[in-house]
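Encoded as structure tokens, the structure appears first; notes follow it.
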Protein chains: 2
Amino acid sequence: MSAISSRMAVAVHVLAYLAWRRDEPVTSERMAGSVNTNAVVVRRIMGALRNAGLVSVQPGVGGGAQLAREPHDITLLDVYRAVEEKEELFALHSQPCRHCDIGSNIRQVLQGVFCQAHHAMQGVLGQVTIADVFRQVQQQVRGGACAGAADSLAAAGTQHA
Amino acid sequence: MSAISSRMAVAVHVLAYLAWRRDEPVTSERMAGSVNTNAVVVRRIMGALRNAGLVSVQPGVGGGAQLAREPHDITLLDVYRAVEEKEELFALHSQPCRHCDIGSNIRQVLQGVFCQAHHAMQGVLGQVTIADVFRQVQQQVRGGACAGAADSLAAAGTQHA
DNA sequence: CGATTCCGAAACTACACTGGTTACAGTTAT
DNA sequence: ATAACTGTAACCAGTGTAGTTTCGGAATCG
């Protein structure tokens, strides 16, 4: 049921935004506007990205966040590790019966399989970079996948484009 | 944070248990004893496995659950689909700004990547059967060692478009 | 038949995580 | 100093999970 939190999606969104505004600091307020959430939510995620060394943040007038690495040097796996401190993707049940063969051994077997499944998922994330995401977004802009994309630049980009 | 629920682990546990007691019906009470949880929790999961056609359940005296398929014909992907009705592994953020390039196109891009990651994970689960799990459990019973679970699986496709 | 054994499902609880919000202290440029 | 930022704590509502109790229904057996 409960999926991986949308922090991952928001983080990639923000990083793509920073890749778009590569040369200028972006405030949490503006990022929140693009994501359509609260600035504090963005700042919480920026804190995780900063701890992971993916962005640098500066307080004060004219401050904001900037990418700390090149977009092609940030994979979605980096982002995943930064914002999802979960160590295991699958939860194990806590205390199976130690007096039967199944209960006393199932956890180790499950752990092995689940770990491999987790790694396979991370393998995909590790091969996609923020630069890839940004490029795909721009391709959709050009391809007209979203109607009204022509004036979208003027609407959101209020600073030097 | 929030991992995939332990229903998956419990389900594989009970299916391995049923593979062990292949010829006799097992009551939810006994399975709950092996898993170390409440019988109602087991019955809830058995309901999902029954709906998926993995087990058959019989009420009344001498009743209980039995495998409806051969253990080698039940993959962990079958179990995953039975007990986790989640359609997507990663959550997307709900309503990004439609007036900027990033916000109006990021969701489609994210959906593609996240879908591939999910499929890679499911690919691993699809290559492990209840028979595999049961065999590994028995090997641990005999060996007593915590050997690696890596056995019969190839790396899932980690290609990105 | 009626008692026993078993499942199915509803209802309720406790707990944890998520995402949104307000509030306030700290930092920086002008 | 003031204004513009971040960082963080605190609180809230909504949601999912897992455990528990309780009841009704189905199947078996004496």
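Below, chain A is the first sequence line, B the second, and so on; all start at residue 1. Basis for what follows: all heavy atoms, side chains included, without hydrogens, waters or symmetry-related copies.
- Between the P atom of D:dA18 and the CD1 atom of B:Ile45 lies a distance of 7 Å, rounded to the nearest Å.
- Under the rule for a side chain to side chain contact (heavy atoms under 4.5 Å, CB included), the partners of A:Ala9 that lie at least two apart in sequence or sit in another chain are B:Leu92, B:His93, B:Leu110, B:Phe114.
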All N/O donor-acceptor pairs, side-chain side in residues 30-41 of chain B, below 3.5 Å, sequence neighbours left out:
{"unit_1": "B:Arg30", "atom_1": "NH2", "unit_2": "B:Tyr17", "atom_2": "OH", "d": "3.1"}
{"unit_1": "B:Ser34", "atom_1": "OG", "unit_2": "B:His13", "atom_2": "NE2", "d": "2.8"}
{"unit_1": "B:Asn36", "atom_1": "ND2", "unit_2": "A:Gln95", "atom_2": "O", "d": "2.8"}
{"unit_1": "B:Asn38", "atom_1": "OD1", "unit_2": "B:Val40", "atom_2": "N", "d": "2.8"}

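- Put simply, CD on B:Glu84 is 10 Å from C1' on D:dT17, counting in whole angstrom units.
- Contact annotation: A:Ser2 side-chain N/O to D:dT15 OP1/OP2 distance is not under 4.0 Å.
- Under the side-chain hydrogen bond (donor to acceptor under 3.5 Å, both in side chains) criterion, B:His118 pairs with B:Tyr80, sequence neighbours left out.
- Within the 4.5 Å cutoff, no side-chain heavy atoms of B:Asn105 are placed close to those of A:Gln136.
- Considering all non-hydrogen atoms of both residues, A:Phe134 and A:Ala16 come closest at CD1-O, 3.9 Å.
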Starting at the 5' end of nucleotides 25-30 of chain D, put B wherever the base has a protein heavy atom under 4.0 Å, S where only the sugar-phosphate does, and a dash everywhere else.
--BB--
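- The side-chain hydrogen bond (donor to acceptor under 3.5 Å, both in side chains) search around B:Glu24 returns B:Arg21, not counting sequence neighbours.
- With contacts defined as side-chain heavy-atom distances shorter than 4.5 Å, the pair A:Ile130/A:Leu18 does not qualify.
- One can place CE of A:Met46 at 9 Å from P of D:dT6, the figure rounded to the nearest angstrom.
- Distance check, rounded to the nearest 0.5 Å: CD1 of B:Ile102 to OG of B:Ser104 gives 8.0 Å.
- Among residues at least two apart or in separate chains, side-chain hydrogen bond (donor to acceptor under 3.5 Å, both in side chains) pairs with a member in residues 39-62 of chain A are A:Ser28-A:Arg43.
- Listed by residue number, the members of residues 90-98 of chain A with any heavy atom below 4.0 angstrom from DNA chain C form an empty set.
- Looking at residues two or more places apart in sequence or on another chain, you find a side chain to side chain contact (heavy atoms under 4.5 Å, CB included) between B:Ala11 and B:Ile45, B:Leu49, B:Val79, B:Val83.
- Inter-residue side-chain proximity for B:Asp132 and A:Val109 is flagged as unmet; no heavy-atom pair is nearer than 4.5 Å.
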Can you tabulate the close N/O pairs, meaning under 3.5 Å, that link protein atoms to atoms of nucleotides 9-14 of chain C?
{"unit_1": "C:dA11", "atom_1": "N6", "unit_2": "B:Arg44", "atom_2": "NH1", "d": "3.4"}

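- Within residues 15-39 of chain B, the residues that place at least one heavy atom under 4.0 Å from DNA chain D are, in residue-number order, B:Thr37, B:Asn38.
- With sequence neighbours left out, A:Thr75 forms a side-chain hydrogen bond (donor to acceptor under 3.5 Å, both in side chains) with A:Asp78.
- For the pair A:Arg7 CZ and C:dG20 C1', the interatomic distance rounds to 14 Å; values are reported in whole Å.
- In this structure, the side chain to side chain contact (heavy atoms under 4.5 Å, CB included) partners of B:Arg22, at least two apart in sequence or on a different chain, are B:Leu67, B:Glu70, B:Pro71.
- Mapping A:Gly63 and B:Ser6 onto DNA chain D via the closest heavy atom, the residue that lands nearer the 5' end is A:Gly63.
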